[in-house]
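To start, the structure itself, in structure tokens.
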Amino acid sequence: MSEQKAIEGVIEEPGAKGVTEGVSEERKQAGGAVAGREQAAGAAGEREQADGVVAEREPVGGVVAGREQVAGAGGEREQADGVVAEREPAGGAVAGQEPVPPAPRATRASRPLRGALRWAAALAVFAVFGASTAYGVARLERTDVPGLGTASDGRWDYPELVRPPLPEGRPAPFAFSNKATAHYADLRELVLPAPRGATADKKLAVSHGWVKTGTFLDEYPLKDDRELLGGVFRDRGLRHIAARGWTTPDGTRTRIYLLQFGTGLVAGEVQQGEFAGYDHAPRTLRGAPSTELDGRFPETWQLPNVTHYAYDEPRPYGAEQVRQAYLLAGDVIGLVVQSRKGDARAVPFQQTVALQEELLG
């Protein structure tokens, strides 16, 4: 009781009123601070609730925003990957490892190309093989190739043909300026040489190469023919006769005569009048009582400026078969005769006539 009074006395003492008011003021401030804190906490709670409401309302729009963010993030990731890919080679180089390029994947468009390349490679292989085979066959001799075992088809081995030189200032026989179609080269050099292995005919193997007119006329067994031809030669100006003969190992006897006249016109008239026949020879040669036109003679062998008339002896033959051909080339008339016991082969006869035409043409 006394203590209460003491307290009241203190309070009622002068100056104690100001202290009391200061304490009250401090209590008010403290209470206001607490209230402020509570208000702030309440406001924060209300804000969190509001944020929750907003968060609940945002999912619909957030789907779109999220997709855009994912796309943006994907682009940034690809850019970032590109940066990393650009940086990796340097790192690999530092580490001493070579980068291994990725193996290209086969596509449908590349399959036809690969097929075409395979076919091209196969064709190239076959081409090389074929070329090598052809080269090997070409280097073989005729007798070494299967199916071509025949060493010869019957042709004779003649030396290389060489025309004699023309005198200086003289034209070739069929040149435009040679109006007489005359052969100005040595006529003896225009007679076909004998093939290799042949034996020269002693009757015709004279040193100077010319023969007398009588030697040529002896090829005709009939006296009337010899006299008629001898008169024609004198009248038409026969200049000379070059001849050559030989016998081959198979027994074939060959005689070649070249008769030269003044001009091609004269020689042509003598040929047509005395030695040209349609289906048989107009004059009978020794050993060939009858003749017929040789239809097996290749016409393609005849040269443009040379004419030939070939005749054969039909069966039955006599002691030997005789083949004959008359040639006309400018101012020269030629006679090629081949005879052989049994039969005279066609191939060497045709070959001999063709080569003689080549020398005269």
**Prompt:** Between E320 and R340, what is the shortest heavy-atom contact and its length?
**Reply:** CB-O, 3.1 Å
**Message:** Looking only at side-chain N and O atoms, does Q321 offer a donor or acceptor that is under 3.5 Å from a partner on D312?
**Reply:** yes
**Item:** L190 side chain reached by P164 side chain, heavy atoms, under 4.5 Å
**Value:** yes
**Request:** Before accepting this row, confirm whether a basic side-chain N of the pair D218/R226 lies closer than 4.0 Å to the acidic partner's carboxylate O.
**Result:** no
**Message:** The test is ring pair (Phe, Tyr, Trp, His ring centres under 6.0 Å); show your working for Y326 and Y309 and say whether it passes.
**Reply:** CA-CA 5 Å; Y326 291 94; Y309 299 87; 8.2 Å; no
**Message:** With no hydrogens and no angle check, just 3.5 Å: does a side-chain donor-acceptor pair link R253 and T248?
**Reply:** no
**Asked** Should we say atom CZ of R315 is surrounded by more than 12 heavy atoms from elsewhere, each under 6.0 Å from it?
**Response** no
**Request:** Check for a donor-acceptor pair, side chain of R323 on one end and backbone N or O of A344 on the other, with a separation under 3.5 Å.
**Result:** yes
**Request:** Might you work through the side-chain contact (heavy atoms from CB on, under 4.5 Å) test for D186 and R188, ending with a clear yes or no?
**Result:** CA-CA 5 Å; D186 191 338; R188 295 169 295 182; 3.1 Å; yes
**Item:** Flag for E357-H308: side-chain donor and acceptor within less than 3.5 Å
**Value:** yes
**Request:** Group every Ile, Leu, Val, Met, Phe, Trp and Tyr by side-chain heavy-atom contacts under 4.5 Å, then state whether F275 and V266 land in the same group.
**Result:** yes
**Item:** D201/K203 salt bridge by N-O under 4.0 Å criterion
**Value:** no
**Asked** L327 versus V353: any side-chain heavy-atom pair under 4.5 Å?
**Response** yes
**Asked** Does any donor atom in the side chain of E313 or T291 lie under 3.5 Å from an acceptor atom in the other side chain?
**Response** no
**Message:** What I want to check is whether the side chains of H280 and E292 have a donor and an acceptor closer together than 3.5 Å.
**Reply:** no
**Asked** Within 45 degrees of the axis of the six-membered ring of Y220 and under 6.0 Å from its centre: does K223 put its NZ or CZ there?
**Response** no
**Asked** Please walk me through it: do R255 and S339 pass side chain to side chain donor-acceptor pair (under 3.5 Å)?
**Response** CA-CA 9 Å; R255 289 93 71 195; S339 58; 3.0 Å; yes
**Item:** Whether H208 side chain and W210 backbone form a donor-acceptor pair below 3.5 Å
**Value:** yes
**Asked** Side chains of L285 and V337: closer than 4.5 Å at any heavy-atom pair?
**Response** yes
**Request:** Check whether any side-chain heavy atom of Y257 sits under 4.5 Å from a side-chain heavy atom of L204, and report yes or no.
**Result:** yes
